Amino acid sequence: MKNTYLESIDKCISWINKNMLTFDNGFYGIYERIRIDKHLRTNWSRPDCNSEYLRVLLTHKCMFGYENNDDLINNIIEYLLRVQDNNPLSTWKGSYPFYLIDGYIRENAVDASLYQNDNGKILLIMSQLYMNHKDIRFLEIAKSLAEYWAKTQQPDGTFGVLDGRNMYECGKGPCFVHWLVSGYYLLYKITKDAAYLTCAEKGMEYIVSTIHDSGRSLTSYEILRMEDWRPVSSETSIALYSFCIAYDVTGKNIYKDYIIKTGEFVLGLQDECGAIMNCDDSCIDASLQNSKDVCDFVYTEGFALNALILAYTCIGERKYLNAAINLANFLVEIQCTNESPLWDGAWRGSFNIQTWKWDGRATQNNTIDEGGMFSVYTGWSCTNIMYGLQQLISLTIKKE
């Protein structure tokens, strides 16, 4: 198992390093994705995707002593330091833009936008990296980022204000709350600053209110008629992850209860092949991404893998580890091989377990098709799958 997972990770790292680095060994980070049907490698370099890849590279170096990516690691760290808004007079000080092109924001309505989920993932990952590597640069990034978003928190616990760039209208979508909340919990764990815990607990009150009686999360589509293309499996898997972080940091039994509640729903979506499916009959109308034969790789599989592993480490129930292993084995089995040298080693955006082929689109009121069979993402998809496989290897090593 260990060697199989390691081989899979190495294949994916090789794909990114060969095909997805910006100029001069990733000086401007890594590119977001390939759009196969458009014959296009996007020219977007997203800070959240880069933080996820940095986590993979540093984890790999720590676990296996790999030093051949040291220059790339340093380039990505410098990129993340450089593109964070560090202007002391800026309204958005501490935040990260949606994406940059060759290191520059063009200041239009899209690329300069501030998304809660993207920034929240960076907050979470920088906190994790500081905890594991004790590099003060990661902590400074996280604290500055946390200060910006704390100023945007609303009375109901969600995040977002009308400040010209902030995607305020997304605020009440569950996926736009989870990552920031998880990041605040970890930053509190590091610093013991009660202000961070206050933000986390306030946000968690909102998250709890979005959990359906069945154990699934309400979707951004149900609440806002946004993210139409994101399946139910996504926000519920992320909810499971958030409750695990909250329980680990606070020890509150209510969060353990919600681990069990959301965990059971995620387990119920798992097919015998290991894939976490988009939905079941009970929530077919909760998203426009509602094929029960398709599983989603951009918004679900990697997040679910990490959430199931964390659920196991938090409460010790073997069924979560078994589910994570089954999912990991499925992911390794269908990893792109002999499809194209442009994306072999990666995973495409969605897969049909009945036809056993890449299938499905993310075009539901989404003109840029953020997912589906023709998208090959570095961040969101491949980085989170690799990180989950690394965690499984780590558990194996500890047992040995």
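Keep in mind that the numbers below use all heavy atoms, side chains included, and drop hydrogens, waters and symmetry copies. Keep in mind that what you see is a predicted model, and the values were worked out from it rather than measured.
Grouped with Leu288 in one hydrophobic cluster are Tyr221, the linkage being side-chain heavy-atom contacts under 4.5 Å among Ile, Leu, Val, Met, Phe, Trp and Tyr residues. Grouping Ile, Leu, Val, Met, Phe, Trp and Tyr by side-chain contacts under 4.5 Å, direct or through others, puts Leu162 with Tyr168.
Side-chain N or O atoms of Thr250 include one that pairs as donor or acceptor with a backbone N or O of Ala246 at under 3.5 Å. Checking side-chain atoms of Asp344 against main-chain N and O of Glu339 turns up a donor-acceptor pair under 3.5 Å. Formation of a donor-acceptor pair under 3.5 Å by the Thr236 side chain with backbone atoms of Ser217 is found in this model. Looking only at distances, a side-chain donor or acceptor of Asp369 sits under 3.5 Å from a matching main-chain atom of Ala362. With hydrogens and angles disregarded, a donor-acceptor distance shorter than 3.5 Å links the side chain of Asn352 to the backbone of Thr355. Proximity of a side-chain donor or acceptor of Asn384 to a complementary backbone N or O of Phe303 within less than 3.5 Å is not detected. For the pair Asn166 (side chain) and Leu114 (backbone), a donor-acceptor distance under 3.5 Å is absent. Here the side chain of Thr383 pairs no donor or acceptor atom with the backbone of Ser381 at under 3.5 angstrom. Although no hydrogens or angles enter the test, the distance criterion places a donor-acceptor pair under 3.5 Å between the side chain of Asn306 and the main chain of Gly302. For Ser14 (side chain) and Asp10 (main-chain N/O), no donor-acceptor pair under 3.5 Å exists by modelled atom type.
Looking only at atom types and distance, the side chain of Ser220 has a donor-acceptor partner in the side chain of Glu235 under 3.5 Å away. Between the side chains of Ser291 and Asp293, no donor N or O sits under 3.5 Å from an acceptor N or O. Donor-acceptor pairing under 3.5 Å is recorded for the side chains of Asp48 and Trp380.
Salt bridge present: Glu7 and Lys11 bring a charged side-chain N and a carboxylate O closer than 4.0 Å. Using a cutoff of 4.0 Å between basic side-chain nitrogens and carboxylate oxygens, Asp296 and Arg230 are not scored as salt-bridged. A salt bridge is absent between Lys61 and Glu67; no separation between the charged side-chain nitrogens and carboxylate oxygens falls under 4.0 Å. Taking the charged nitrogens against the carboxylate oxygens, Asp156 and Lys172 do have a contact shorter than 4.0 Å, which makes a salt bridge. The pair Asp37-Arg361 meets the salt-bridge criterion, with a side-chain N (NZ, NE, NH1 or NH2) lying under 4.0 Å from an Asp/Glu carboxylate O. The existence of a salt bridge linking Lys292 and Asp281 is confirmed by a sub-4.0 Å separation between a basic side-chain nitrogen and an acidic carboxylate oxygen.
Applying the side chain to side chain donor-acceptor pair (under 3.5 Å) test to residues at least two apart or on different chains, the pairs with a partner in residues 259-279 are Glu264-Lys319. Here ring-ring contact (aromatic ring centres under 6.0 Å, His included) pairs that include residues 187-219, with residues two or more places apart or in two chains, number zero. Among residue pairs with one or both ends in residues 37-65, those qualifying as ring-ring contact (aromatic ring centres under 6.0 Å, His included) are Trp44-Phe98, Trp44-Tyr99, His60-Phe64, His60-Tyr66, Phe64-Tyr66; sequence neighbours excluded. Legend: ring-ring contact (aromatic ring centres under 6.0 Å, His included) pairs involving residues 257-276, not counting sequence neighbours, sorted by first then second residue: Phe243-Tyr258.
Phe351 is linked by a ring pair (Phe, Tyr, Trp, His ring centres under 6.0 Å) to Phe330, Trp356, Trp358, counting only residues two or more places apart in sequence or in another chain. Scanning for salt bridge (Lys or Arg N to Asp or Glu O under 4.0 Å) contacts around Glu78 gives Arg137, with sequence neighbours left out. With sequence neighbours excluded, no residue satisfies salt bridge (Lys or Arg N to Asp or Glu O under 4.0 Å) with Arg82. Evaluation of the ring pair (Phe, Tyr, Trp, His ring centres under 6.0 Å) rule for Trp149 yields no partner, not counting sequence neighbours. Every salt bridge (Lys or Arg N to Asp or Glu O under 4.0 Å) that Arg216 has, sequence neighbours left out, goes to Glu222. Taking the salt bridge (Lys or Arg N to Asp or Glu O under 4.0 Å) definition, one finds that Asp228 meets it with nothing, sequence neighbours left out.
In this structure, CZ on Phe297 lies 8.5 Å from OG on Ser350, to the nearest 0.5 angstrom.
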Discussion item. Would Glu370 and Arg35 count as a salt bridge (Lys or Arg N to Asp or Glu O under 4.0 Å) here? Give the steps.
Written reply: CA-CA 9 Å; Glu370 296 175 283; Arg35 298 186 66 182; over 6 Å; no

Discussion item. What verdict does the side chain to side chain contact (heavy atoms under 4.5 Å, CB included) test give for Asp118 and Ile122, after you've listed the backbone C-alpha separation in whole Å, the side-chain angles of each residue and the deciding distance to 0.1 Å?
Written reply: CA-CA 7 Å; Asp118 296 357; Ile122 300 170; 5.6 Å; no

Item to complete: Check the pair Trp229 / Tyr299 against side-chain hydrogen bond (donor to acceptor under 3.5 Å, both in side chains), numbers first and verdict last.
Response: CA-CA 10 Å; Trp229 57 93; Tyr299 303 100; 2.9 Å; yes

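More than 12 heavy atoms of other residues, nucleotides or ligands lie within 6.0 Å of NZ in Lys151, so this atom counts as buried by the packing criterion.
Aromatic ring centres of Phe159 and Trp179: separated by at least 6.0 Å.
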